[in-house]
Amino acid sequence: MAEDLFHIAGKAFTSRLFLGTAGYPNQQVFLDSLAASGAEVVTVSIRRVDMEGGAEGILDLVRDRAWLLPNTAGCATVKDAVLTAQLAREALDTNWIKLELIGDRETLYPDVEQLVTAAAQLVDDGFTVLPYCTDDPIVCRRLADVGCAAVMPLGAPIGTGLGILNPYNIEMICVRSAVPVILDAGVGTASDAALAMELGCDAVLLNTAVSKSTDPVRMAAAMGHAVIAGRLARLAGRIPRRTRAEASSPELGLIGG
Amino acid sequence: MAEDLFHIAGKAFTSRLFLGTAGYPNQQVFLDSLAASGAEVVTVSIRRVDMEGGAEGILDLVRDRAWLLPNTAGCATVKDAVLTAQLAREALDTNWIKLELIGDRETLYPDVEQLVTAAAQLVDDGFTVLPYCTDDPIVCRRLADVGCAAVMPLGAPIGTGLGILNPYNIEMICVRSAVPVILDAGVGTASDAALAMELGCDAVLLNTAVSKSTDPVRMAAAMGHAVIAGRLARLAGRIPRRTRAEASSPELGLIGG
Amino acid sequence: MAEDLFHIAGKAFTSRLFLGTAGYPNQQVFLDSLAASGAEVVTVSIRRVDMEGGAEGILDLVRDRAWLLPNTAGCATVKDAVLTAQLAREALDTNWIKLELIGDRETLYPDVEQLVTAAAQLVDDGFTVLPYCTDDPIVCRRLADVGCAAVMPLGAPIGTGLGILNPYNIEMICVRSAVPVILDAGVGTASDAALAMELGCDAVLLNTAVSKSTDPVRMAAAMGHAVIAGRLARLAGRIPRRTRAEASSPELGLIGG
Amino acid sequence: MAEDLFHIAGKAFTSRLFLGTAGYPNQQVFLDSLAASGAEVVTVSIRRVDMEGGAEGILDLVRDRAWLLPNTAGCATVKDAVLTAQLAREALDTNWIKLELIGDRETLYPDVEQLVTAAAQLVDDGFTVLPYCTDDPIVCRRLADVGCAAVMPLGAPIGTGLGILNPYNIEMICVRSAVPVILDAGVGTASDAALAMELGCDAVLLNTAVSKSTDPVRMAAAMGHAVIAGRLARLAGRIPRRTRAEASSPELGLIGG
Amino acid sequence: MITVNGKARDHADGLDLPALLGEAGLGPDSRGIAVAINGTVVPRARWAERAVADGDAIEIVKVLQGG
Amino acid sequence: MITVNGKARDHADGLDLPALLGEAGLGPDSRGIAVAINGTVVPRARWAERAVADGDAIEIVKVLQGG
Amino acid sequence: MITVNGKARDHADGLDLPALLGEAGLGPDSRGIAVAINGTVVPRARWAERAVADGDAIEIVKVLQGG
Amino acid sequence: MITVNGKARDHADGLDLPALLGEAGLGPDSRGIAVAINGTVVPRARWAERAVADGDAIEIVKVLQGG
């Protein structure tokens, strides 16, 4: 089988798993999880320095191990999201940004009106924008229309592990999207990630499902296999669902028949 | 990670995928699929010889490549199933048998009353019996009680590709079973196989999902990854499902906050 | 619309809701619930008299308000179930029996092998047998074959309120059954009962969903409406599920168009 | 039970079913369906007059039988939607409007950015706005914030009959909404409508599920019962879902025990 | 010794079913009651004539709420 | 030239709304009708006084079934 | 008359299993083959000695693909 | 008064960015750091020349783990 590469904004990736870097028991577990997952892209956040001195950042840890995708997690206004993106660009020397613009702190659900506005501004400012968005096919099209490099619809709210609440919409988005579709948020276990790929997603981004599992390294390996499994199954063309049973073994030549 | 072996009747397997051998476009595709899947066990059927001379059997093809599990597919009476098992033992020099005893030809649904009777007879006759059965936890317990080496509840009727119609029951069976649980029938795509393993199954047996897919070799590889993914996820301990969102990125230190 | 009667063993019923009598906060709530539900059949159990004197039975309460269907709830052997049925017949002067034969006390799941045996014995003894059974289409056919007047497959284990775990099987049973199909156990709320009827069930039996709800009388009314709703929807012939949207309002004559 | 009224913009309704008027086999079937459903609100569309003379409108048919809710179905721009609403107000002497603003003709999915803009304009212009929207809780809040009298999230795309694709989101919207929530679009059968009410919706709007069913009058009656059933079940407080079975009949006093 | 509803007990000579039922406050007209002895139902019409014998296992049941 | 419901057409000098509506069989008392000219609704009370001018884009709508 | 794989047929006097198998192109070393007569498996080691008797119902099976 | 990461504080006359960063233990070569003043990013190359003025709102951020 020829290599099945995946491109965003002209950059090719082999792995279709993007891994978040937050919430691991410790740095070693994170590093082992990253290795076990096979992920080539990791997300990071931008936060204020503690002026009293504080925790080491994780930059040195990941810089040589993965492509960095900074996010604007927690931003609730266009202004904060845009400035966070610009700070990320300065700090990391990358124009890639995972654009998050949440509607409220309780649901962490995207605010799609502001999201489109911020995405357009950042595209104009030269960013490669990957917006975390809802599973709304019209919003996804709008985001592609304003120049986003991919769309990242949610499977379920962040951190819930509820899987893909609306597979119908995710599949519709994939069928219609002019840019890569990366399922972001909601994945709880391996079969969720496989399903995302089977629905036609180009990649899966997850964090909590690995970092907060009982054994993150093993779950990271599970996710790596799951994304490959789902991708291969998508490419292989699954059998149709039938209402009626159909024998696999030969129906003729039964003894006593 | 230590090797995660799987035992039936004292025999250890590395792969948790069992592959059926029927319905492939041709022998080479089957062989490539078997290799791509990583399966160590394959199922075969026992059928009358065509006295006019006829198709070559597949025995030579698989004998050295996999552990053979003959089935009694299509049998609808205890008598036929038992005799088929005995013929299989003679033909293959194995006392393993996948016991199928169907209730009717339309649904291919197991006839559990006859199944228990036949299983008990075959166990008494020295067989290692792996019965294809319903997702009924009481029937599964009975089958274990009469000495079956594993139970093989269906996910959905044979050949339908409907996945696991009743995950609750499969999980309940896994929790309670004294013998290995192998999901048999119904798997349509990779995420179904991963889900089976996440529910606690020890292995997955499938055939049509691979052999009748558009690209069997690729789907076989998908299933191999899926079973590993689901198994690892099960061992890793998934995050709980939450009703409410929970941020993965740090909640403090937001700019503008 | 002509009256939509429902027959079991030649007896006609107007309501397709059967109501259990256990677990209500008090007798008045039960009576009000019965009235609100519109149910014409209620189930009762047979239990040992407390020789020290004890609670009044509910016979006087229900005898004139509903058709009584005694059960063999809790019986785990053919012998106990048959004797309980015979005692019920003597105590209530009815040959109707809801036959329960459970496989274990933890799951309360039917033991289908014993169930078929007991059903056959009771049919021979002149009973009108309504067996509580699994959602196994072959078992349901066997029960009809041995002379049961209806089959009562479970939606989910007793008291769980999980609804219908396997709608596919329930629908398949309804399509194939030669006798009425009554969904028994698992209903948690009104939409579950409506769904059962839409799948083709002739009636629904429930207890806990009403008696243990916060407001049993109101839930009883809900269930009455739900069973009617589901039955009418089944008769009315629902629209097919479509993958693509289709406008309801006229597509021509839009302004600006 | 006290009457369970439902208010939108200060107007009280008894029935929680809104019925579309399009696509019935003929006028009499529509009138009989309306009567059977118990609906008090019906939707109508605004379309260009055929200058050659043409079909009678349905105004005389419904004016005295129901509260009229004109829609802007098919509009794809703020301008067209606003003008259609204004024409509807003039034609029907009502300031109520069901605001539809679709993102494309293939999915008929709402364009939420334009929808919020149009809703705000119409509210400013004195309308009572009921927007057809996505199941996005942030968008629903925005629509309430700009003054909409209710929100009408979709269950599934118009005319698909797929039911409620994302019950989680619908429930979340209901919990958080400051205005009534009316499920609009997607309902295929009675249990879908009951489920909508159980999730907390205040009402259900449907059309195709009735008008295109095999027997619209009977399906209308089904929907009437279903909405009542779901509402009562919601008010009654359903039993919790349990993983383990729990007997309804008394566990003590079994014979042979 | 006899067994009544699973409990072993002594019994007076000549104890018959009506007397035993009477102990539980049940009369010949009590409704919703049934009796089995040694696994066989004793119809109400035969209660009066049925003496209780040593070793009898007697079940006396009534109708209760059920699901 | 005017445009009526999206179709361009000639119009007689002095054509007014009532006359135009009359062409479609609609009178001043027809119910469920509304008119907009150049994107602005013309209330029924103003129909009589509203002359149609060259270049006008006129929408004449009625109430139909809808979902 | 004997029955072979469900089909009735004549048989020559003294026909034995090896000869019958030979008709289907199967020899004593053919792999994946088994034989039952009248519902009982005849082990390969006994094929040579087993004569076919009138009325015998013979099943000759092989291993095929299966699920 | 200036504001640094949301907290108001006094500042010495002539305070510049390098000095301020130094307070947080950050030098000109610290990696993964960025600074904005009054909503505009100050590129690292300009840090040295940027004086801090009264009323400035300064954000100093670094890269952390994130999802």
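Numbered from 1 within each chain, the chains take letters A, B, ... in sequence-line order. Nothing here was measured: the structure is a model prediction, and the numbers come from that model.
Looking at B:Pro110, the atoms closer than 4.5 Å to chain C (heavy atoms on both sides) all sit in the backbone: N, CA, C or O. The part of C:Tyr168 that comes within reach of chain B is its side chain, from C-beta onward, which places non-hydrogen atoms under 4.5 angstrom from that chain. With a threshold of 4.5 angstrom between heavy atoms, C:Thr117 does not approach chain B through any atom at all. Only the side chain of C:Leu162 comes within less than 4.5 Å of a heavy atom of chain B; its backbone N, CA, C and O stay farther away.
Side-chain contact between C:Ile138 and B:Val112 is absent, with no heavy-atom pair separated by less than 4.5 Å.
The backbone N or O of B:Glu113 lies less than 3.5 Å from no partner atom in the side chain of C:Arg142, so there is not a single donor-acceptor pair.
If you tally non-hydrogen atom pairs under 4.5 Å between each of C:Pro137, C:Pro167, C:Pro157 and chain B, the highest count goes to C:Pro137.
Separation of atoms CG (B:Asp104) and CZ (C:Arg176) is listed at 4.0 Å; rounding is to 0.5 Å. The CG atom of B:Leu165 lies 9.5 Å from the CG atom of C:Asp135; values are rounded to the nearest 0.5 Å. Atoms CG and CG, from C:Asp136 and B:Asp111 in turn, are 8.0 Å apart once rounded to the nearest 0.5 Å.
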